[in-house]
Undergrad: 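This is the structure I want to talk about, given as structure tokens.
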Amino acid sequence: MKPILSLISLLCAILLTSCGGNDEPKKEKSTPHRTVLVYMIADNTLGTWDCDDADIKEMLKAAEADGLNGGRLLIYHNRPGTERGNVPQLLEVTKTGLQTLKEYPDDPTIYSVSPSRIKEVLSDTKKLAKADDYGLVLWSHANGWLESNNDIKSRSFGEDRKKNISITDLGKALDGFYFSFIYFDCCLMGNIEVAYELRHATPIIVASPTELPIDGMPYDVNVPVFFADGVPDMSLAARNTYTSYANSVEPYCQMVVINTDWLDNLAASSRAIFNTVTEYPNDITSIQKYSIDSKCWSFDMKQYINLIAGNTILYAQWERDFDATIAYACSTPLGIGRYINSPLVIDTYNGLGSFIIQSPDDITYKGYNNCSWYKNVVSHSPIYSQQ
């Protein structure tokens with residue numbers, strides 16, 4: 001009997017040891033509450049001016065100060081000199097520095113503005129940095145809804161070796177992905193055409209309807225906002241950017257926060273007004289311009305709609321929908337314009353830009369008729385639909 005008793009004693013000892021606190025299996029780390037991707041296209045003049053490096057330093061500063069709050073901050077860095085071997089990298093900003101998660105081979109047929117590359121990077125982000133939700137910052141040159149005809153001044157978003165992506169193709173590239181916010185750290189994207197095209201990708205868009213100084217947003221201040229617990233306060237992020245310029249030697253900044261969940265309502269009330277438009281607007285000189293190119297393609301939307309609708313019941317409903325769409329808007333008295341010595345004077349600012357069709361040729365100007373806003377809303381005007 002003694003061997004049996006000894007065996008039982010040994011088994012009991014093993015069981016007791018295995019149940020002890022020292023050998024309990026460690027719990028897996030919980031999924032981060034948020035991953036934010038900065039899609040940085042810098043193989044252009046912004047990279048030449050080291051704007052990308054300056055912003056990355058600000059992100060590192062925020063991370064060192066515990067600004068990530070347990071989240072993960074990734075950068076897709078399309079570096080200057082791609083053709084010289086500086087291939088794009090997917091980086092992670094950590095408290096101790098930058099970590100390279102992936103490098104993307106330099107395929108001369110694939111640019112960082114290609115829908116296939118954008119989808120690839122977004123998929124890699126979700127795979128390599130899983131989180132409960134995601135935020136997206138789009139960083140580069142930009143020019144609103146204008147389509148390019150091999151003319152870099154007519155780009156929509158991004159500039160990678162003089163290639164860019166139209167806003168309609170950007171909408172398709174983001175299809176299937178969803179972000180708690182999209183922040184455009186670039187110029188001229190705060191217009192109805194852009195917001196409406198991307199309305200299904202996010203509930204909140206932060207942008208500027210005008211040009212911004214090259215320093216962009218203050219990442220050291222805004223990164224903690226992106227990673228705050230709960231729903232990020234994007235009005236605060238927009239205000240931080242505004243304040244950083246309003247109190248600087250370059251006091252030029254216009255920002256808007258767009259509630260995209262209300263855009264379908266705004267489209268419906270806008271469509272009702274365009275249904276009544278039977279002639280081209282004659283005098284638009286009183287309407288605030290948001291771009292100062294020889295052909296202005298972005299005006300204050302609220303002033304424009306009031307011009308074509310008048311103080312009618314239709315306009316009253318439209319105004320309610322517009323006010324619900326604009327979560328926050330702020331402006332300095334001047335915009336940077338195209339030239340620093342000839343700033344854009346901001347007499348009226350309601351936050352959202354819009355193109356104004358003034359002649360039949362404007363319907364197809366820079367591909368305007370390809371925008372979903374034109375197709376679903378503006379084209380319902382009898383005068384435009386006849387063209």
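Nothing fancy with the numbering, it's 1 onward along the sequence. Here the structure is a predicted model, which means the values were calculated and not measured.
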Undergrad: Does Ile192 reach the side chain of Leu266, with side-chain heavy atoms less than 4.5 Å apart?
TA: yes

Undergrad: Less than 4.5 Å apart, any side-chain heavy atom of Tyr178 and any of Pro203?
TA: yes

Undergrad: Taking the six-membered ring of Tyr365, is the NZ or CZ of Lys295 close enough (under 6.0 Å from the centre) and on axis enough (within 45°)?
TA: yes

Undergrad: Of the options Val36, Val223, Leu98, which is the one that meets Val93 in a side chain to side chain contact (heavy atoms under 4.5 Å, CB included)?
TA: Leu98

Undergrad: Does NZ in Lys302 sit with more than 12 non-hydrogen atoms of other residues, nucleotides or ligands closer than 6.0 Å?
TA: yes

Undergrad: Roughly how far, to the nearest 0.5 Å, is the NZ atom of Lys130 from the OG1 atom of Thr31?
TA: 8.0 Å

Undergrad: Taking the six-membered ring of Phe226, is NZ or CZ of Arg34 closer than 6.0 Å to its centre and within 45° of its axis?
TA: no

Undergrad: Taking only residues two or more places apart in sequence, or in another chain, which ones meet His141 in a side-chain hydrogen bond (donor to acceptor under 3.5 Å, both in side chains)?
TA: Thr45

Undergrad: Determine whether a donor-acceptor pair (N or O, by modelled atom type, separation under 3.5 Å) exists between the side chain of Asp160 and the backbone of Tyr111.
TA: no

Undergrad: May I ask you to decide if Ile273's main-chain N or O and Thr276's side chain share a donor-acceptor pair within less than 3.5 Å?
TA: yes

Undergrad: Just wondering, more than 12 heavy atoms not from Lys119 lying within 6.0 Å of its NZ?
TA: yes

Undergrad: Could you measure the distance from the OH atom of Tyr76 to the CE atom of Met40? Nearest 0.5 Å is fine.
TA: 12.5 Å

Undergrad: Please answer whether the main-chain N or O of Gln288 pairs with a side-chain N or O of Thr348 as donor and acceptor at a distance below 3.5 Å.
TA: no

Undergrad: Atom SG of Cys330 and atom CD of Gln254: how far apart are they, to the nearest 0.5 Å?
TA: 8.5 Å

Undergrad: Can a donor-acceptor pair be found, under 3.5 Å and without considering hydrogens, that links the side chain of Thr332 to the backbone of Cys253?
TA: yes

Undergrad: I'd like to know if the side chain of Thr364 and the backbone of Gly367 have a donor-acceptor N/O pair within less than 3.5 Å.
TA: no

Undergrad: Within the 3.5 Å criterion, strictly below it, is a donor on Asn222 or Asn240 matched to an acceptor on the partner's side chain?
TA: yes

Undergrad: Under a 4.5 Å cut-off applied to non-hydrogen side-chain atoms, are Ile167 and Leu198 in contact?
TA: yes

Undergrad: Without swapping roles, check the side chain of Ser354 against the backbone of Met301 for a donor-acceptor pair under 3.5 Å.
TA: no

Undergrad: Any chain of hydrophobic side-chain contacts (each under 4.5 Å) joining Ile182 to Phe227?
TA: no

Undergrad: Any heavy-atom pair between the side chains of Tyr304 and Asn350 that's under 4.5 Å?
TA: no

Undergrad: Please determine if Arg199 forms a cation-pi arrangement with Tyr196, meaning its NZ or CZ atom is less than 6.0 Å from the six-membered ring centre and no more than 45° off the ring axis.
TA: yes

Undergrad: Counting only N and O atoms by type, is there a donor-acceptor contact under 3.5 Å from the side chain of Ser156 to the main-chain atoms of Leu146?
TA: yes

Undergrad: Under 3.5 Å, is there a donor-acceptor pair between the side chain of Ser114 and the main chain of Arg117?
TA: no

Undergrad: Counting only N and O atoms by type, is there a donor-acceptor contact under 3.5 Å from the side chain of Asp362 to the main-chain atoms of Gln358?
TA: yes

Undergrad: Take the angle between the ring planes of Phe355 and Trp145 and call it parallel below 30°, perpendicular above 60°, tilted in between.
TA: tilted

Undergrad: Taking only residues two or more places apart in sequence or in another chain, which ones pass side-chain hydrogen bond (donor to acceptor under 3.5 Å, both in side chains) with Asp361?
TA: none

Undergrad: Working note: Lys102 + Glu120, criterion side chain to side chain contact (heavy atoms under 4.5 Å, CB included); need CA distance, chi angles, decisive distance, verdict.
TA: CA-CA 12 Å; Lys102 181 176 178 179; Glu120 180 183 11; 3.4 Å; yes

Undergrad: Are Asp43 and Arg79 packed together at the side-chain level, in the sense that at least one heavy-atom pair is separated by less than 4.5 angstrom?
TA: no

Undergrad: Are Tyr384 and Tyr374 close enough that their ring centers fall under 6.0 Å?
TA: no

